Number of protein chains: 2
Amino acid sequence: MANIRDVARISGYSVSTVSRVINQKNYVSEKTRAAIQKVVDDLDYVPNDVARDLSRGKTFNVGVVLPHSDHPYFTQLIHGITTAAFAAKYHVVLLSSRYDAELERDYLEGLRRKAYDALIFTSHGLPLTQLARYRKYGSIVVCEQPGASGIPAAYAHRRTTYREALAYLKAQGYHHIGLMLSRPIAVSATSQATADAYRAVFGSKPATKDCATDVITLADGQRAATDFIKRGLQFDAILANSDDIAIGVTRAYRQAGLPVPFLIGQEHQLSGEVAHLPTIDHYFKKVGENALQLAISGAATNIAIDATFIAKQ
Amino acid sequence: MANIRDVARISGYSVSTVSRVINQKNYVSEKTRAAIQKVVDDLDYVPNDVARDLSRGKTFNVGVVLPHSDHPYFTQLIHGITTAAFAAKYHVVLLSSRYDAELERDYLEGLRRKAYDALIFTSHGLPLTQLARYRKYGSIVVCEQPGASGIPAAYAHRRTTYREALAYLKAQGYHHIGLMLSRPIAVSATSQATADAYRAVFGSKPATKDCATDVITLADGQRAATDFIKRGLQFDAILANSDDIAIGVTRAYRQAGLPVPFLIGQEHQLSGEVAHLPTIDHYFKKVGENALQLAISGAATNIAIDATFIAKQ
DNA sequence: ATACGTTCTCGAACGCGTTCGAGGTCAAGA
DNA sequence: TCTTGACCTCGAACGCGTTCGAGAACGTAT
């Protein structure tokens with residue numbers, strides 16, 4: 001396949017002049033431009049993107065680290081990220097992590113290796129301080145409150161909305177509340193926010209036995225609820241970490257022939273809509289768009305938006 | 001940042017020897033290896049991926065063209081593709097197309113520009129013959145029956161399963177059937193398959209008025225059903241192109257205060273499970289895995305799997 | 001002792017586009 | 001007329017890792 005030097009040789013102009021023609025830069029006479037363009041067309045020449053990236057020192061790739069590509073939280077986030085990336089002519093590279101520290105580190109190394117210009121962590125296993133070390137190699141964005149790490153972040157405020165949802169439960173007279181969490185409170189800012197809100201509303205930390213962790217899918221929700229039942233826990237209400245998961249909970253209780261506790265879901269999913277569940281919408285598409293903006297602008301700021309508690313739908 | 005020549009200079013060895021050390025190749029004495037490794041560690045050197053890609057002439061990128069990143073068909077496909085790509089150490093680059101011919105062509109050009117080693121079209125607007133022209137620049141895979149185009153394909157057999165589903169409707173005594181399609185019959189192999197199955201079962205092509213097109217989301221399903229109602233069409237049953245869409249149809253009829261026709265969904269989605277809808281599972285995760293395998297192997301074959309009609313769930 | 005096969009290392013070319021400094025031309029302003 | 005400032009083009013260096021051909025050193029088989 002032809003390269004820029006072939007075009008130069010055949011057209012009789014220099015490589016640099018050919019370069020300015022294909023990049024439509026100034027200072028090329030119309031005559032020259034036309035002559036070179038003709039050779040470009042004849043040879044069917046197109047510049048090599050990799051060589052370009054190398055010489056420009058930039059790839060326009062944004063790596064998106066996501067633990068589970070089938071989870072709705074990530075699906076919505078990805079949707080926002082790709083939408084914004086497309087508009088900005090950036091490329092989205094999907095990176096599966098399954099919260100594996102080694103993989104995450106490998107992706108961070110990708111920043112050093114110049115494989116990506118920026119990295120968005122939709123969630124992460126490594127501590128933020130470790131992520132922060134790689135900021136000198138490229139822009140890093142997380143999708144949660146970044147605490148003192150200083151890492152730019154795009155996220156939805158969870159605490160207030162969780163408080164609102166839990167206060168709603170309290171107002172309805174529910175006091176024995178079960179919580180479904182995607183990850184243990186110690187390692188996840190989201191779980192932490194849920195626990196904090198619980199304490200703010202009910203005056204004490206949620207009991208460990210009332211919290212199910214590692215609940216990601218509908219099946220997990222069903223399993224976790226079955227476990228609650230087995231352990232003889234009787235909840236008035238359960239705050240599930242997605243609408244789908246709430247559906248899983250419903251099934252478990254139905255299967256056990258027990259009354260279903262009052263349920264609140266999250267993420268405003270179709271399943272919740274169909275079942276008329278109260279839910280919390282974190283607007284993850286918007287969060288994804290914000291994350292990408294931060295990633296490519298390299299701005300060292302945060303963009304937070306408010307989540308909404310939807311009591312009736 | 002240090003490059004391989006720095007390592008060579010400082011260690012006193014040649015660039016080629018350093019290269020074999022970092023790539024763990026043969027023919028390096030232990031003493032030399034250790035000396036070079038020390039310099040690599042001291043300088044904190046890592047090879048530049050872009051330079052590597054350029055010199056190897058390979059990027060390990062697979063571009064995945066998808067019209068809608070929020071559609072469940074594509075979500076499932078992407079899930080399969082990323083899973084397989086991860087295992088094979090390939091990178092998945094997401095490419096939004098919205099069926100825009102210009103965009104699709106641009107992505108095909110990406111193959112020439114060496115931006116991707118391979119391209120997977122989860123769906124496409126351009127005719128297959130046009131896609132086929134770019135095969136000389138890299139491997140191309142489509143996720144549908146490739147007809148005479150010769151393009152490698154990974155897909156689920158639809159015709160037989162559609163026939164099965166429609167025969168089921170006929171056996172149940174339903175004769176006036178509405179079809180919801182994502183795209184017009186003329187441009188979509190999927191819609192074509194649906195129409196063919198209809199003809200096989202009912203002996204004639206489906207009437208144009210009985211087919212709604214451009215139905216992608218739940219809201220589209222609702223809109224299309226509302227339109228059916230407005231036009232005074234009375235269906236015994238409707239074959240929807242996803243479970244979510246079937247839910248949209250249900251809503252439209254409920255809202256109009258009319259009895260809901262018998263519904264069959266597709267894709268075995270959660271919404272359909274909750275509503276106990278019959279559905280067709282095309283196993284798109286598996287199809288995605290197959291597509292990626294084809295893309296990176298460069299094999300010029302097809303991998304078809306069978307879809308399943310699930311009458312009761 | 002000669003020949004051959006390994007092992008080890010090097011230099012240079014290669015993949016390919018971008019960009020900077022330099023040098024030449026030409027017209028307008030002083 | 002001289003200066004100044006576009007305008008136009010070129011050559012070479014740069015970004016950086018891979019790989020091929022060649023050559024040196026050493027051991028072993030004949």
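Note that the coordinates shown come from a computational prediction; the quantities given were computed from them, not determined experimentally. Here is how names work: the chains are called A, B, and so on, in the same order as the sequence lines, proteins then strands, and each is numbered from 1.
Rounded to whole Å, atom P of C:dG5 lies 13 Å from atom OH of B:Tyr27.
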Short N/O separations, protein against nucleotides 23-28 of chain C, under 3.5 angstrom:
none

Atom pairs, protein N/O to nucleotides 24-28 of chain D N/O, distance under 3.5 Å:
none

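Here the NZ-CG distance, from A:Lys38 to A:Leu43, works out to 9.5 Å after rounding to the nearest 0.5 Å. Rounding to the nearest 0.5 angstrom, the gap separating the CG atom in B:Leu126 from the OH atom in B:Tyr107 is 12.0 Å. The NZ atom of A:Lys285 lies 12.0 Å from the CG atom of A:Leu77; values are rounded to the nearest 0.5 Å. Considering CZ of A:Phe86 and NE2 of A:His91, their distance stands at 10.5 Å, rounded to 0.5 Å. Annotation: the span from A:Ile36 atom CD1 to A:Lys31 atom NZ amounts to 10.0 Å, rounded to 0.5 Å. In this structure, B:Phe74 CZ and B:His68 NE2 are separated by 5.5 Å, a value rounded to the nearest 0.5 Å.
Counting only distance, with no hydrogens or angles, the side chain of B:Thr82 and the backbone of B:Ile78 share a donor-acceptor pair below 3.5 Å. Of the possible donor and acceptor atoms, one in the side chain of B:Ser297 sits under 3.5 Å from a partner among the backbone N and O of B:Gln293. Although no hydrogens or angles enter the test, the distance criterion places a donor-acceptor pair under 3.5 Å between the side chain of A:Asp220 and the main chain of A:Thr217. B:Thr122 places a side-chain N or O within donor-acceptor distance of the main-chain N or O of B:Val65, the cut-off being under 3.5 Å.
For A:Thr32, a side-chain nitrogen or oxygen approaches OP1 or OP2 of D:dT9 to under 4.0 Å.
Terminal axes of the helix from C:dA1-D:dT30 to C:dA30-D:dT1 (five pairs each, C1' rotation axis) are separated by 40°, to the nearest 10°.
Here the side chain of A:Ser14 is nearest to one of C:dC10, C:dC8, D:dC10, namely D:dC10.
Not counting sequence neighbours, B:Lys58 has no partner by the salt bridge (Lys or Arg N to Asp or Glu O under 4.0 Å) test.
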Spell out protein contact along nucleotides 12-20 of chain D as letters: B when the base is contacted, S when just the sugar-phosphate is, - when no protein heavy atom is under 4.0 Å; keep the 5' to 3' order. ---BBBBB-
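Residues A:Glu109 and A:Arg105 are not paired through a salt bridge, judged by the lack of any N-O separation under 4.0 Å between the basic side chain and the carboxylate.
The salt bridge (charged side-chain N to carboxylate O under 4.0 Å, His left out) contacts involving residues 140-152 of chain B comprise nothing, where partners must be two or more places apart or lie in separate chains.
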